[in-house]
There are 2 protein chains.
Amino acid sequence: MTVSKRERQHAILELIGTREIASQEELRQLLLKKGWDVTQSTLSRDLRDLRVARVPSPQGTRYVAGDSGADDGSRAPLAGILPQLFLSLDGVGPMLVLKTVIGGAQPVASALDREASSDILGTIAGDDTILMICRSEQARERVARRLSTLAKRPR
Amino acid sequence: MTVSKRERQHAILELIGTREIASQEELRQLLLKKGWDVTQSTLSRDLRDLRVARVPSPQGTRYVAGDSGADDGSRAPLAGILPQLFLSLDGVGPMLVLKTVIGGAQPVASALDREASSDILGTIAGDDTILMICRSEQARERVARRLSTLAKRPR
DNA sequence: ACTATTAATGCATACTAATGCGATGCCCCG
DNA sequence: CGGGGCATCGCATTAGTATGCATTAATAGT
């Protein structure tokens with residue numbers, strides 16, 4: 001039944017927040033004492049649904065209720081988001097400054113980081129501005145050319 | 001060899017920060033391409049040492065470099081946290097770009113600020129990247145040398 | 001009420017990760 | 001040199017997690 005599944009998952013989060021649980025079998029035992037009788041299979045699926053992380057350490061591995069795992073747009077490919085968010089591009093020396101719509105800098109910067117171009121030493125992003133440090137002026141020009149091309153592509 | 005172990009673990013953190021890695025075997029293959037040839041056993045131990053979390057989700061499980069746990073950051077000395085958080089260092093002109101594990105930039109930058117070196121005009125930190133503006137290229141080289149030394153210190 | 005459809009599970013098993021143990025390579029001290 | 005103390009790592013094996021498939025429920029439509 002649907003309701004009990006939710007309640008069970010809630011109970012799981014409580015247990016995980018309260019104690020140090022090392023395995024699904026251990027979790028199963030604890031749930032048993034609380035009246036829930038399910039198999040390890042179910043727990044595996046519950047933990048996946050809840051995105052509960054398994055963190056190993058020299059003191060043993062433990063389950064921890066994660067960040068919420070909301071993977072918003074932070075995994076979108078550059079080519080997909082740049083046309084929507086891009087505003088302008090300019091630079092000096094080895095630095096490139098890209099402006100985006102408000103709130104657009106973080107997703108664009110994270111897409112940029114993921115591409116791991118050797119032309120870019122790193123990026124720092126605020127809310128609507130990204131500073132890219134390039135390896136050289138030449139590198140900056142290459143990056144600028146590529147970004148303007150990507151930005152102009154209509155989706 | 002101690003050195004290669006630490007380097008390998010850094011390579012692991014970089015890979016994990018860049019791609020979606022689902023298993024130790026997959027990680028092993030990626031490391032192989034980078035010239036590291038180790039077994040799954042070793043990766044299991046490395047991931048434990050690094051406290052890398054394994055997070056399941058409906059889209060598949062993946063490894064994510066967690067918070068690194070212990071340090072609450074804001075008052076830790078540079079030498080203490082850098083080895084844990086450091087990923088890479090690079091620069092052009094008077095600028096130095098330091099990459100850290102996700103979430104590591106703020107604590108490192110604040111530790112840097114507290115040292116108040118006259119070689120560094122200032123720092124700007126995002127989530128995993130720090131930009132340092134140095135007084136000169138020579139200053140940048142000094143700072144870079146010092147930071148790599150600190151970063152390599154075994155915990 | 002009957003059948004189709006979808007969810008939730010258990011079972012058995014495939015897959016993945018952790019670990020006991022021994023081998024190896026260092027480093028240091030006598 | 002030679003042996004002790006350490007740390008690292010691979011191999012083999014065990015421990016633990018994920019999943020395909022079948023079953024049972026609950027729900028909806030006619």
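Atom set for the values below is all heavy atoms of this structure, side chains included, hydrogens, waters and symmetry mates excluded. Here the structure is a predicted model, which is why all the values come from computation and not from measurement. Chain A is the first sequence line, chain B the second, and so forth, proteins listed ahead of strands; every chain is numbered from 1.
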What contact category does [X] fall into here, base, sugar-phosphate, or nothing, at under 4.0 angstrom with non-hydrogen atoms?
X	answer
B:Asp37	sugar-phosphate
B:Thr42	sugar-phosphate
B:Arg54	sugar-phosphate
B:Asp46	nothing

Exercise. Going by atom types only, do B:Arg114 and B:Ser110 share a side-chain donor-acceptor pair under 3.5 Å?
Worked result: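 B:Arg114 vs B:Ser110: donor-acceptor pair found between side chains.
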For this session: Give the rounded distance in Å between these two atoms: CG of B:Leu43 and C1' of C:dA17.
Result: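 These atoms are roughly 11 Å apart.
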For this session: Could you tell me the separation between the CH2 atom of A:Trp36 and the C1' atom of C:dT9, rounded to a whole number of Å?
Result: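 Going from A:Trp36 (CH2) to C:dT9 (C1'), I get 14 Å.
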Problem set entry | Presence of donor-acceptor pair under 3.5 Å, side chain of A:Ser41 and base of C:dC11 |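 Checked by distance alone, the answer is yes.
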Exercise. Is there a donor N/O on one and an acceptor N/O on the other, under 3.5 Å, for the side chain of A:Glu25 and the base of D:dA15?
Worked result: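 By the distance-only test, no, there is no pair.
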Between [options], which nucleotide has the shortest distance from any of its atoms to the side chain of [X]?
X	options	result
B:Thr39	C:dA17, D:dG10, D:dT17	D:dG10
A:Lys5	C:dG10, C:dA17, C:dA8	C:dA8
B:Arg45	C:dC11, D:dA18, C:dT19	C:dT19
A:Ser44	C:dT9, D:dC9, D:dA18	D:dA18

Exercise. Counting heavy atoms not belonging to A:Glu115, are there more than 12 under 6.0 Å from its CD?
Worked result: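 Enclosed: over 12 neighbouring heavy atoms sit under 6.0 Å from CD of A:Glu115.
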Exercise. Which residues in residues 10-23 of chain A have at least one heavy atom lying under 4.0 Å from any atom of DNA chain D?
Worked result: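 By residue number: A:Ser23.
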For this session: Evaluate the criterion salt bridge (charged side-chain N to carboxylate O under 4.0 Å, His left out) for residue pair A:Arg8 and A:Asp37; output intermediate values, then yes/no.
Result: CA-CA 10 Å; A:Arg8 184 187 63 230; A:Asp37 185 2; over 6 Å; no
Exercise. Does A:Glu141 have any salt bridge (Lys or Arg N to Asp or Glu O under 4.0 Å) partners at least two apart in sequence or in another chain, and if so, which?
Worked result: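 In terms of salt bridge (Lys or Arg N to Asp or Glu O under 4.0 Å), with neighbours along the sequence ignored, A:Glu141 is linked to no residue.
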